[in-house]
Amino acid sequence: MAERASSSSTYLLVPILLIAVLLGTAVIRGPNLVSLSGFGSAIIVAAPLILATYALMALAVAGRGTVDLAMGPLVAFINVSVVKLNMLGIISGPFGTFLVALGLGVLYQLAFALIVIWVRVQPIIVALSGFLALTGINLVILPRPGGMAPEFMSSWGLGTTIFSPVLLILVIATGGWLLFTLTPFYANLRMMGYDERAAWTSGVRINIVRVGAHVIAGLFAGLAALCYTALIASGDPSQGTNLTLTAVTALVLGGVSLAGGRGGVTGALLGALNLWLIGYVLATFNFGAIQAFVTQMSYGIILVLSLLLTLLVPVLSRHISFISPWSAFVVLGAVVAAIMLHVATADTYLPSEAVPATAQGPLLDRYFLTAPAGGAEPGFVLSPIQRMAFFAALAAVVLTFAARLTQAEAPARRMGLFLYLFVAALVLALFALIAMQGEVTLFSGGTP
Amino acid sequence: MTDIPPREPWPQLLPVPRSALLVWLNLAVALTVAAIGLGVGFAQGIKAQLVILYTVISVAVLLWLLNYVTTIFESRSAASAAPSDARGVWRANRVMIIAMVALLIVYLLVTASVPAFRSVTNFIAFLVLEAILLFAFKVSGRFATGRSAFIGIMVLVALVVISSFTIEGFLSGSNVKAILLFAAFLGIACIGQTLVALMGGLDLSIPFVIGSANVGMLFLTTLGVPSFVAFGFVLILGGLIGLLNGVLSYKLQGQALILTLGMGFAVAGLTQILTSIGSSFAGNVFGTVPSWLSNLAAMNGRTFGLAFPPTILIWIVLAVIVIIGLRYSAYGRYVYALGGNRRSARLVGVSEFRYWTLAYVLSGVFAALTGCLLLGWSGGGFIGVGDPYLFTTLAAVVIGGTSLLGGAGGYGFTVIGVLVLQVLTSFLLGIGLRYEWQQFIFGLLILPMVALYGRSPHIRATV
């Protein structure tokens, strides 16, 4: 039907499916996630990984197999530099910190780009070189973990609230990339990543485009380092390698093609979230002393499997081209949100009522209905049969709507405005709901 | 790119330049160097017979080398008719001149600012570095192939010269033995990396396989498995991991780097889980290393009664086998064919899958071997023992001059790269630099080394 167009983002189906499964499992295994502090700390912990994945994504889209293995050490380098400069008393305010962090990231990536362009060595060699050099210099700057993050960051890493500055950074980074995708520069970038020679022959100034991609990656790396500094509130020179490995895994998991030309901020975000969720789910199983090894092994296996899955993408997209990943995202998101709400509100609103294992639609609708009515106002009374009929009708409408949307949106290249708004409203509603009754879950509901 | 002269027949065994002047010049240089050596030898109070023997050997070797190089120049001098006016000279040599002047400025600045830096050895080191630059730019361009090897050998010689001037006891028996031993570990681990790189792939699972073999071998022997059986079993397991790597990455050759990294992670995690089940010290394995294994790799090991560990001998034998095998066996030629041009190799009927997988299998086996040998050296199992090899194997391959795109290079080059890395490590340790500075310098060193010979063509040339 719409085979040509739909193949552009079908690769997102895999991470979307995975995140639904993982989020569902995570919420069921560890209900603490669905609370003010749960989401807050989740955002804080996942932010460096997400931003580092963005940086890698920007480079991967630029093609030539650019996987900057030095991304982790670069983030660690900015981290220890900021901390060291703070300890020396040179920078303390937000302005100076941001300037230093973003400046270092951009400078490094600029050097990377210029070396790739002028010296014409393969990016992987530059990355290797940068990895060794940065890992070494990190230990010189700060021989062991320690130091103090700048003063103004002290409240960032607490994770007691969702709407922290870290979330703001994340939103700005994501929104910035999405806006960037509207520019012709982005079209050139993708074209260059997909086929550099074709881009060159058609008059794209590939050198400038490459420099641009690296500068963007440098900005993301600087932001990642800031979030990382806020998270650990100190400097740590030793975590670079781990961050590289997890970010690369997240990149692959998010369906970004390492060969260039395919990828986006959505995939990278989903991939990073998936990876963080895997860690979270694994942490809920108590493996005792071998916990770290299990996590390591799972990361490895997932990386391999997701790479193999990318082989299946062409096959998949041929058979399920009628499913729009965005609509799938919305539908699965609704299901997961239902599970979350159920977990979060099971203790407070429905202490006695057994929750029937119904289909996705009704479950969702029930909580969207009962949540506002949760203030125990008895004015709106329905008989059981009326309620059943009402729910059934609503479920039918929702299902029809979802199915229709799924089919209609299938050929769309990117998410339509409506879906954006819908998702944003959904997320906001969830946050607001949790914020409203967070204390209840935390202090009375969470501790039976 | 286009002015490579046609390849002439292999030079004769005893090359003699055609012009008599050059012969005399070579002889004079060789004799002068030998005379200096003679003087130094007597001044150090070494036995007279030994000094004479070394002098004779050095005259012979130097003369042969000089003659070899000059014959090559003679036969190619006709091909290069460079413009001789001042602007032409500047244009042809600007990178070299800029580099040399930059080095001079750096030297003068450091000398002026740091009083402790003003010494004869540093001055000699400076001169040697300038000479390397000159050689690297002017002479290496004359070699159509093996340019990287030439630069590598130059750097190696220069490093040895500088280190022996700067560091007390650098050329002592024990230090040379240590350098060779560590080079042997790295070299054996690099065999697989070279083979894989020749096919255009990369294997980042090597460090994890090394660590896993290290722990697994000790674990098995502690369980009571006869050590030889355990050794063979670990090697086979390494091969199996390699097989998995090869099979899985075959369809994903662009992403082989990431895939092997993931495999390595999985393997290291699995090994730790398996070895720490039922143990209260998760991640640590305690036990005694079989004595034959420690003799194999420990510093005080003996080979047939000689005072050097057999690992060095094993490495030399393996290196010879691999170099000859790559050069003359069908397997070696097909590896080059596939690395050079997949499509034509396939059309000739070379099974890409088979050779790709086999390269990874060999990589796994040699990584496992390195892990076992490192167990003999250290005497205790530790999963992180392979971590330094994550990038040093790659660095050695790259510095040696094997192209990561495949098809060019060979294990001989990697041997040079390994030696350069190891001598440099020893030098940096000798002048008191810490590990992190070494790593920093390694990182910065790779780029110029590769930039000298490993540049990709401009996009203009590929359309």
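Model, not experiment: these values are computed from the prediction. Below, chains carry the letters A, B, ... as their sequence lines are ordered, and counting in each starts from 1. FYI, side chains are in, hydrogens and waters are out, and symmetry mates aren't considered; it's all heavy atoms of this structure.
- Note that CD of B/Glu436 and CG of A/Asn138 are 10.5 Å apart. Values are rounded to the nearest 0.5 Å.
- To the nearest 0.5 Å, atom CG of residue A/Leu245 and atom CD1 of residue B/Ile258 are 9.0 Å apart.
- With a 4.5 angstrom heavy-atom cutoff, A/Leu305 does not touch chain B via any of its atoms.
- Rounding to the nearest 0.5 Å places CZ of B/Phe442 at 8.5 Å from CG of A/Leu132.
- Counting heavy-atom pairs closer than 4.5 Å to chain B, the top residue among A/Val140, A/Ile301, A/Leu303, A/Val248 is A/Val140.
- Contacts of B/Leu237 classified as side-chain contact (heavy atoms from CB on, under 4.5 Å), with partners at least two apart in sequence or in another chain: B/Phe233, B/Leu240.
- For A/Leu69, the part lying under 4.5 angstrom from a heavy atom of chain B is the side chain only.
- Between chain A and the residues B/Thr392, B/Ile446, B/Ile273, the most heavy-atom pairs under 4.5 angstrom are made by B/Ile273.
- With rounding to the nearest 0.5 angstrom, the CG atom of B/Leu248 is 9.5 Å from the CG atom of A/Leu307.
- Residues A/Ser129 and B/Leu447 approach most closely at OG-CG, 3.5 Å, considering heavy atoms.
- Heavy-atom distances place the side chain of A/Ile206, and not its backbone, under 4.5 Å from chain B.
- B/Gln272 and A/Phe293 make their closest contact through NE2-CE2, 3.1 Å (heavy atoms, listed as atom of the first residue, atom of the second, distance).
- Residues of residues 275-284 of chain A having a heavy atom under 4.5 Å from any heavy atom of chain B: none.
- The minimum heavy-atom distance between A/Val304 and B/Gly262, with the atom names listed, is CG2-C, 3.8 Å.
- Ranked by heavy-atom pairs shorter than 4.5 Å toward chain B, the options A/Pro143, A/Pro237, A/Gly136 are led by A/Gly136.
- Looking at A/Val119, the atoms closer than 4.5 Å to chain B (heavy atoms on both sides) sit in the backbone and in the side chain alike.
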Derivation of the side chain to side chain contact (heavy atoms under 4.5 Å, CB included) call for B/Phe440 and A/Leu139: CA-CA 10 Å; B/Phe440 180 66; A/Leu139 288 168; over 6 Å; no
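- Residues that satisfy the ring-ring contact (aromatic ring centres under 6.0 Å, His included) test with B/Phe353, not counting sequence neighbours, are B/Tyr250.
- The part of B/Leu252 that comes within reach of chain A is its side chain, from C-beta onward, which places non-hydrogen atoms under 4.5 angstrom from that chain.
- Here the closest heavy-atom approach between residue A/Met297 and residue B/Leu270 is recorded as SD-CD1, 3.4 Å.
- Contact annotation for B/Leu257: only side-chain heavy atoms (C-beta onward) come within less than 4.5 Å of a heavy atom of chain A.
- Only the side chain of A/Ile124 has a heavy atom closer than 4.5 Å to any heavy atom of chain B.
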Without placing hydrogens or testing angles, list every side-chain donor-acceptor pair under 3.5 Å for residues 199-206 of chain B, not counting sequence neighbours.
residue  : atom : partner  : partner atom : Å
B/Asp203 : OD1  : B/Ser205 : N            : 2.9
B/Asp203 : OD1  : B/Ser205 : OG           : 2.7
B/Asp203 : OD2  : B/Ser363 : OG           : 2.6
B/Ser205 : OG   : B/Asn245 : ND2          : 3.0

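- To the nearest 0.5 Å, atom OG of residue A/Ser306 and atom CG of residue B/Leu259 are 9.0 Å apart.
- Both the backbone and the side chain of A/Val294 come within less than 4.5 Å of a heavy atom in chain B.
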